[in-house]
Every structure is written in structure tokens, then in C-alpha cells.
Amino acid sequence: MTSQLLADLEWRGLIAQTTDREELTKDLNSKPLKFYIGFDPTAPSLHVGNLVVILVMRRFQLAGHLPIALVGGATGLVGDPSGRNEERTLNDESVVEQWVGNIRSQLERFLDFNSGKSAAVMANNLDWTKPVSALEFLRDIGKHFSVNQMLAKDSVSSRLESGGISYTEFSYQVLQAFDYLELYRRDNCRLQLGGSDQWGNIVAGLDLIRKVESRSAHAFTIPLMAKSDGSKFGKTAGGSVWLDSEMTSPYAFFQFWINTDDADVEKYLKVFSFKDRSEIERLIETVKVNPGAREAQRELAREITSLVHGADQCAKVEAASLALFGQGDLSALDEKTLAAALAQLPKVSINKGEAFPTWVDLLAATGVVDSKSAARRIVKENGAYLNNEKITGEDFAPTKADLIHGRFLVLRKGKRDLASVELI
RNA sequence: GGCGGGUUGCCCGAGCGGCCAAUGGGAGGGGACUGUAAAUCCCCCGGCUCUGCCUUCGAAGGUUCAAAUCCUUCACCCGCCA
């Protein structure tokens with residue numbers, strides 16, 4: 001099983017760089033290896049981009065290795081310069097602390113923390129970083145770092161060219177190296193995984209371990225997810241696709257995957273799916289033979305949504321997706337099905353007895369557009385629909401007769417942006 | 001510390017006293033074609049009680065009938081010199 005891990009990861013395109021491959025293979029095959037990945041609290045929630053790395057972690061655990069999920073309570077206070085051409089704004093300690101909590105509970109969904117000896121464990125680098133004084137840090141850790149080497153790191157040198165870097169962010173790699181050393185010492189953790197932008201930081205840890213402990217450890221990086229059209233993975237019009245259901249609804253999450261480009265679906269399946277290789281290859285084939293059916297996208301959406309939001313929630317949103325996109329005549333849906341589907345959408349209520357607002361006002365109220373001007377524009381551009389029927393005229397207002405099952409209106413903006421209105 | 005240059009709408013970037021809600025590109029949105037895909041083409045893209053009004057061009061004051069455009073102070077950035 002283990003011996004196939006690297007080969008499988010390779011096939012999935014999940015290996016960017018590793019330290020000595022032979023050594024790593026040997027170590028992975030000989031016994032369960034402790035490994036870690038760090039997640040810095042830079043937002044209230046993890047997003048689909050993080051999922052790539054989390055799922056690699058899961059693959060390692062499934063292959064018998066022991067994950068340490070590290071939350072960056074300390075590093076999150078400092079800010080990683082990697083991949084940024086601008087200094088970060090420091091976040092308040094209380095905010096970071098809250099984000100640490102959020103990230104912890106999200107990570108718990110993807111790893112097994114309960115099965116005795118092989119269980120994953122959680123760690124927070126604030127636990128060992130906070131007690132260290134600045135003087136101790138400079139003398140015990142800082143002494144092992146050459147500024148020349150630190151400056152040579154991509155994350156730093158690119159910043160030197162693009163406007164500079166503060167001492168705070170410059171120190172980031174030292175902090176992360178300290179984490180690796182600490183985990184090596186206390187848990188004999190000998191492998192660190194991360195996105196490919198983390199290579200420099202990870203290697204800084206390896207160097208530190210070599211200098212202080214005279215021992216070697218491993219680094220493994222995962223390619224950054226890229227879309228075929230060059231745009232950034234994990235972003236939609238509304239911003240990032242978050243794992244938190246309050247920030248990205250499960251319905252929107254499902255839609256994100258359903259709308260995957262044909263050109264990307266093969267890559268996504270390999271990266272995100274836990275289906276076996278033959279099943280994935282079969283799905284890839286369906287994209288070539290009958291792309292219009294979008295079977296691969298559907299399977300992908302189903303699997304990832306189930307994993308992140310649970311099978312029940314996934315079933316609900318998929319039903320909603322099918323109901324709302326399946327047919328033109330919404331009134332043909334029975335009330336229960338429609339109600340369940342609409343519950344997944346942004347919604348607004350209107351009170352019985354009050355006059356019906358205009359379509360423009362309703363759409364603006366759902367938050368699907370930012371302003372009434374934007375809603376008006378949609379009408380003008382012929383992208384406004386009520387119950388799947390195109391409407392015209394900026395002052396168009398629905399009437400009682402438009403209510404489906406006496407309660408619902410379905411607003412649509414363009415081809416696929418839906419919202420619901422309920423009479424209460 | 002001295003001298004010079006900069007700060008414009010989501011991003012990049014023109015404008016340098018009235019014709020400016022502000023050229024152009026990108027991102028984004030709508031339409032056509034499709035498959036809730038991509039590419040392509042067309043249109044749109046500050047807000048509102050929308051033939052008009054309101055708020056924007058780093059911040060605050062000022063000059064003027066009129067300022068993104070001129071002046072003053074402040075903040076931040078970038079160069080060159082020390």
C-alpha cells in the first residue's frame with residue numbers, strides 16, 4: 001500500500017518537488033512516518049485551494065502515515081511573504097485566535113483524529129513560539145541562519161525587487177523552520193508537506209534540523225493548482241470558494257464544481273477524487289465521448305460536496321440543482337421539492353398583504369447583485385427572468401398570479417444565477 | 001537629513017483648470033452560439049427617488065463662476081544624493 005503512495009501521487013500530478021526521492025521512498029515504506037502541514041489563519045475559513053493540500057494529507061494518512069495538522073497561531077500573526085508582492089496587514093491577535101479555532105474544526109473533517117495509534121493530531125505553533133523570548137530566539141535559533149541565504153529565497157528576493165519587505169515578514173522563514181525543528185524534536189516528525197510556494201520555508205527547516213540535530217528530514221511540495229485558462233483556481237465572481245457553509249453555501253459550492261471547464265476536469269478528478277484510478281479514467285473518457293452530459297463534473301461535484309458538507313447536504317443541493325436547471329416549467333415541480341430546492345438559494349421574503357416590490361428591488365434585496373442599478377442593467381440587457389420567463393421593463397413587478405404554489409417566485413439573473421422569493 | 005517623482009474607479013493605467021462619472025486594457029456582468037463548458041462576436045460595467053440628481057480621482061484646508069487637474073499642510077510609496 002505505502003509503496004504505491006508516491007506512484008499514485010505522481011500519477012495524480014501532486015508532486016512538485018521532494019528531497020531525495022529514494023530516501024523518502026525508503027522511509028515511507030519502512031514504517032509509519034510522522035509528517036506535518038501548516039495552515040496559517042489568514043482568513044476566517046479554509047478555501048478550496050487549501051483542500052488540495054489537505055487531501056494529500058489524507059492520502060498520506062490512508063497509506064498509514066501519521067499526520068500532524070499544524071495551525072499557525074504564531075506564524076499567522078507574522079505573515080508569510082511567499083507569493084505576495086506586498087506586505088500583509090497585521091491582524092489582531094483576537095481575530096487570529098478565532099480563525100485558528102475555525103480552521104481546526106474544519107481540518108477535523110478531513111483527517112481521522114480518533115483511531116488510536118494511527119490518529120492524526122493537531123498542533124498550534126503558538127504553543128511553543130509564544131514562551132520563547134526574543135533574546136532566546138535570536139541566540140538559539142537566529143544564530144543558525146545566514147542572512148545571505150535568507151535573502152536568496154524567492155519569497156524574499158522577489159519582494160526586495162517589488163517594494164521591500166519588513167523585518168517581520170523577513171523573519172517568517174525562521175519561524176517556520178523553528179516549527180519543523182520543534183516537531184522533529186518532540187514528535188520525531190520527519191516530513192513536511194506544503195504547496196510548492198512553501199519549498200523555501202520547508203527547506204529552511206531542514207537546514208535548521210541538520211545544523212542543530214545533525215539529522216536529515218524530508219520535504220515534499222505539491223504543485224499550486226492552476227486552471228487551463230490561466231485564471232486563478234478557486235475563485236468565482238463572488239470571490240473565493242470557502243469551505244465554511246456560511247461563507248459559501250453548499251449549493252454554491254456544488255455549482256462551483258459542476259461548472260468546471262472540460263479542460264480542467266481531468267486534473268481536478270486526479271487531485272480531489274478518492275475514486276480509484278480505473279474509475280477516474282472512465283470518467284475522463286466520458287468527457288471526451290460525451291462532454292455535454294458532464295458526467296465527470298457531476299461526479300466530482302458530488303464527491304467533493306459530500307466530503308466537505310456531508311452526504312445529506314450534498315443530496316439536497318444536488319436535488320436543487322437538478323430541479324432548478326432541469327426544466328423550464330418550475331410549476332411542474334411539486335411544492336416540497338421546489339421548497340427544498342429554493343431553500344438552497346439566496347432568498348428574500350415578502351409579507352402577505354403588502355404590495356409586490358419590483359423585480360429589480362427583489363433581486364437587489366437577495367444580494368445577487370450589488371445595487372439596484374446593477375439589477376436594472378440586467379433587465380435592460382435581457383438577462384432578467386421570473387420563474388424562468390424573461391421579463392422586460394425596469395418597473396416590472398410580479399403579481400399574485402406569478403406565485404408558484406401560492407408562495408414562491410424564482411428570480412434568475414443571466415443563465416445560472418438564481419434567487420428565491422417567498423411570500424410569508 | 002537633502003533633492004526629485006508619485007498616490008485616479010475591483011486591478012493596471014491615461015487625464016493635468018470647464019466638453020470628466022473621468023480615455024485604454026484586464027477582471028467582472030448580460031446577450032448570441034452551446035452543454036449550467038471553452039473559444040468567438042455584440043453590449044454593459046459608481047450610486048439613486050434616473051431625460052435629472054448625488055458621491056468619487058491619498059487626507060484635510062484654500063484659490064476660482066468652475067478643480068482629478070492650481071496652492072498649503074499632512075500621510076504613505078518610489079528614486080537619486082548624504
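Worth knowing before you read on, the calculation uses all heavy atoms, side chains too, and leaves out hydrogens, waters and symmetry mates.
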Interatomic distance at [atom1], [N] relative to [M], whole Å:
N      : M      : atom1 : result
C71(B) : U7(B)  : P     : 14 Å
G1(B)  : G13(B) : C1'   : 34 Å
U64(B) : G15(B) : P     : 28 Å
A21(B) : G46(B) : C1'   : 7 Å
C20(B) : C57(B) : C1'   : 10 Å
C80(B) : C12(B) : C1'   : 26 Å
C19(B) : A66(B) : P     : 14 Å
G58(B) : U8(B)  : P     : 6 Å

Would you tabulate the nitrogen or oxygen pairs shorter than 3.5 Å linking the protein to nucleotides 53-55 of chain B?
none

Item checked: Side-chain donor or acceptor of Y180(A) paired with backbone N/O of Q192(A) under 3.5 Å -> yes

Residues forming a ring pair (Phe, Tyr, Trp, His ring centres under 6.0 Å) with [X], sequence neighbours excluded:
X       : result
W359(A) : none
Y251(A) : none
F254(A) : none
F137(A) : F178(A)

Next item on the list: Determine whether the side chains of D197(A) and S82(A) contain a donor N or O and an acceptor N or O closer than 3.5 Å.
Entry: no

Margin query: Within the 3.5 Å criterion, strictly below it, is a donor on S45(A) or N102(A) matched to an acceptor on the partner's side chain?
Written below: no

Base, sugar-phosphate or nothing for [X]? Non-hydrogen atoms, less than 4.0 Å.
X       : answer
N259(A) : base
N382(A) : sugar-phosphate
G383(A) : sugar-phosphate
I258(A) : base
Q255(A) : base
F254(A) : nothing

Notebook entry, point to check: Is it true that E108(A) and R104(A) have a side-chain N and a carboxylate O under 4.0 angstrom from each other?
Noted result: no

Notebook entry, point to check: Does the distance from a Lys or Arg side-chain N to an Asp or Glu carboxylate O, for R12(A) and D8(A), drop under 4.0 Å?
Noted result: yes

Sort and list the pairs that fulfil side-chain hydrogen bond (donor to acceptor under 3.5 Å, both in side chains) and have at least one residue in [range], not counting sequence neighbours.
range                       : value
residues 285-295 of chain A : R282(A)-E295(A)
residues 141-151 of chain A : none
residues 343-354 of chain A : N351(A)-E354(A)

Next item on the list: Using a cut-off of strictly less than 4.0 Å, decide whether Y385(A) has a side-chain nitrogen or oxygen near OP1 or OP2 of U36(B).
Entry: no

Checklist line | Residues which pass side-chain contact (heavy atoms from CB on, under 4.5 Å) with N382(A), listed by chain and number, not counting sequence neighbours | finding: K390(A), T392(A)

Notebook entry, point to check: What is the ring orientation for Y268(A) with F272(A), classed by angle as parallel under 30°, tilted 30 to 60°, or perpendicular over 60°?
Noted result: perpendicular

Next item on the list: Both distances under 3.5 Å, Watson-Crick or G-U wobble: on that basis, could you give the dot-bracket string for RNA chain B, with [ ] for crossing pairs and | for other-strand partners?
Entry: ((((((((.[[[..)..(.....]]].(((((.......))))).(((...)))...[[[[[..)....]]]]]))))))).

Check: So, does the side chain of D262(A) form a donor-acceptor pair with the base of G35(B) at under 3.5 Å?
Finding: yes

Next item on the list: Have a look at F220(A) and tell me which of Y36(A), F60(A), F35(A) forms a ring pair (Phe, Tyr, Trp, His ring centres under 6.0 Å) with it.
Entry: F60(A)

Margin query: For a quick check, with a 4.0 angstrom heavy-atom cut-off, what is the B/S/- contact string for nucleotides 43-49 of chain B, read 5' to 3'?
Written below: -SS-SBS

Margin query: Below 4.0 angstrom, which residues in residues 408-415 of chain A have at least one non-hydrogen atom near RNA chain B?
Written below: K413(A), G414(A), K415(A)

